[in-house]
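Report on the structure given below.
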Amino acid sequence: TAAYGMKVFHSDLAVRHNQIHDCGRLGITYFIYDKRDVHFRRISIEHNTFFNGHHSPGIELVSWGGDPISAVSIHNNWFAGDPTVALPSESTYHIRTGGRFAQVFDGLSIVNNVFTYSPGFGAYVQDARNSTIHFNTFYGVNPSFGGNGALLAFYGDITNTVARNNIFVNDVEPTTSDEFACVRAFAGDSGQLDIDYGLYFATDPAALLVRSEQQRFTAADWATYRSSFGWDSNSFVQQDPGFVDGSSGDFRLQSGSVAIGAGQHLPSIPTDHLGQPRSNPPNLGAFAQQ
């Protein structure tokens with residue numbers, strides 16, 4: 001449980017076009033345990049595939065000493081979970097960012113990624129400001145996971161952070177975990193978090209779509225959720241995204257999908273996971289083409 005694929009501590013770091021797999025604990029770890037009075041910046045992790053990790057198979061970027069980390073791009077990656085492999089007892093992550101002090105991360109960008117069979121958390125975002133989570137496809141939960149997790153989670157001090165054009169498919173069995181949600185927002189200032197233009201689908205209508213510190217929302221509670229938080233006014237709820245074959249990893253959208261042309265145009269993201277051009281308005285999720 002201590003073997004890393006890569007352990008790095010650099011600014012101006014690029015990790016691109018790799019297959020990172022069969023690691024004992026983490027695919028890429030960027031864990032700053034102590035204060036070093038260094039500003040880590042310009043980190044690009046793009047076009048990689050992560051799979052067969054024992055603990056957290058993807059990326060961990062953590063600063064416990066409070067040193068800032070800025071301009072981090074996690075783009076166009078594939079984080080593959082294995083639903084046939086039982087997980088360790090503690091929560092694990094495809095992406096984990098955070099620290100022990102407020103707003104460690106400035107300018108975190110999580111765009112055009114695919115997350116399958118979450119091992120506990122798909123993307124866990126903590127202590128971040130000026131950050132974006134756009135055009136990602138989150139599909140499924142490891143069936144052995146029975147804890148408190150989410151496909152996308154926000155914790156700590158979150159400011160000026162926006163999530164757009166994401167697809168969430170929560171296939172958890174509520175009898176296995178009645179706390180797992182598509183989105184979990186335990187942020188200190190939820191007013192600084194803006195979530196919209198998404199698609200939420202739970203294969204069991206009793207499963208959670210959104211969870212906050214005190215409240216839990218299923219599809220039946222969607223109107224209450226919107227009025228309480230002001231989020232997702234342009235999102236779809238309990239609509240099957242209509243993937244070509246999600247169980248086989250084909251997350252293109254079939255003709256007739258409600259996710260086609262349902263996104264918010266973001267000129268700064270002109271292409272999809274495969275480098276294909278996006279339309280205006282764009283499709284939701286990681287793939288522009290049908």
Is the closest side-chain donor-acceptor distance between [X] and [Y] under 3.5 Å?
X    : Y    : answer
S248 : D250 : no
S70  : H39  : yes
Y117 : D82  : no
D245 : S247 : yes

Answer whether the closest heavy-atom distance between the side chains of [X] and [Y] falls below 4.5 Å.
X    : Y    : value
P281 : H265 : no
I110 : T132 : no
L274 : F287 : yes
Q19  : N48  : no
I59  : L61  : yes
F145 : V172 : no
F135 : I269 : yes

Look up atom [atom1] in [X] and atom [atom2] in [Y], then write down how far apart they are to the nearest 0.5 Å.
X    : Y    : atom1 : atom2 : value
D240 : Q254 : CG    : CD    : 8.5 Å
F105 : I43  : CZ    : CD1   : 7.5 Å
R129 : Q192 : CZ    : CD    : 12.0 Å
Q239 : S257 : CD    : OG    : 9.0 Å
I133 : I195 : CD1   : CD1   : 8.0 Å

For this session: May I ask you to decide whether K35 forms a salt bridge with D67, counting only side-chain N to carboxylate O separations under 4.0 Å?
Result: yes
For this session: In plain terms, say whether R164 and D194 are close enough for a salt bridge, that is, a side-chain N and a carboxylate O under 4.0 Å apart.
Result: yes
Side-chain donor/acceptor pairs under 3.5 Å, residues 201-211, sequence neighbours excluded:
residue : atom : partner : partner atom : Å
D204    : OD1  : A206    : N            : 2.9
R211    : NE   : E179    : OE1          : 3.4
R211    : NH1  : E179    : OE1          : 3.3

Just checking [X] against [Y], ring centres under 6.0 Å apart?
X    : Y    : result
F31  : W64  : yes
Y200 : F236 : no
F154 : Y124 : no

For this session: Would you please classify the geometry between the F243 ring and the F251 ring as parallel, tilted or perpendicular, with 30° and 60° separating the classes?
Result: perpendicular
Exercise. Going through the distances and angles, do T218 and D221 end up as a side chain to side chain donor-acceptor pair (under 3.5 Å)?
Worked result: CA-CA 5 Å; T218 65; D221 309 312; 3.1 Å; yes
For this session: Not counting sequence neighbours, list each pair that qualifies as a side chain to side chain donor-acceptor pair (under 3.5 Å) and has a residue in residues 268-289.
Result: N112-R278
Seminar exercise, completed: Correct closest heavy-atom pair for V85 and S144 would be O-OG, 4.1 Å
Exercise. For the ring-ring contact (aromatic ring centres under 6.0 Å, His included) test, which of F79, F115, W78 pairs with F50?
Worked result: F79
For this session: Any chance you could lay out the ring pair (Phe, Tyr, Trp, His ring centres under 6.0 Å) test for F168 and Y139, step after step, and finish with the verdict?
Result: CA-CA 6 Å; F168 306 96; Y139 181 86; over 10 Å; no
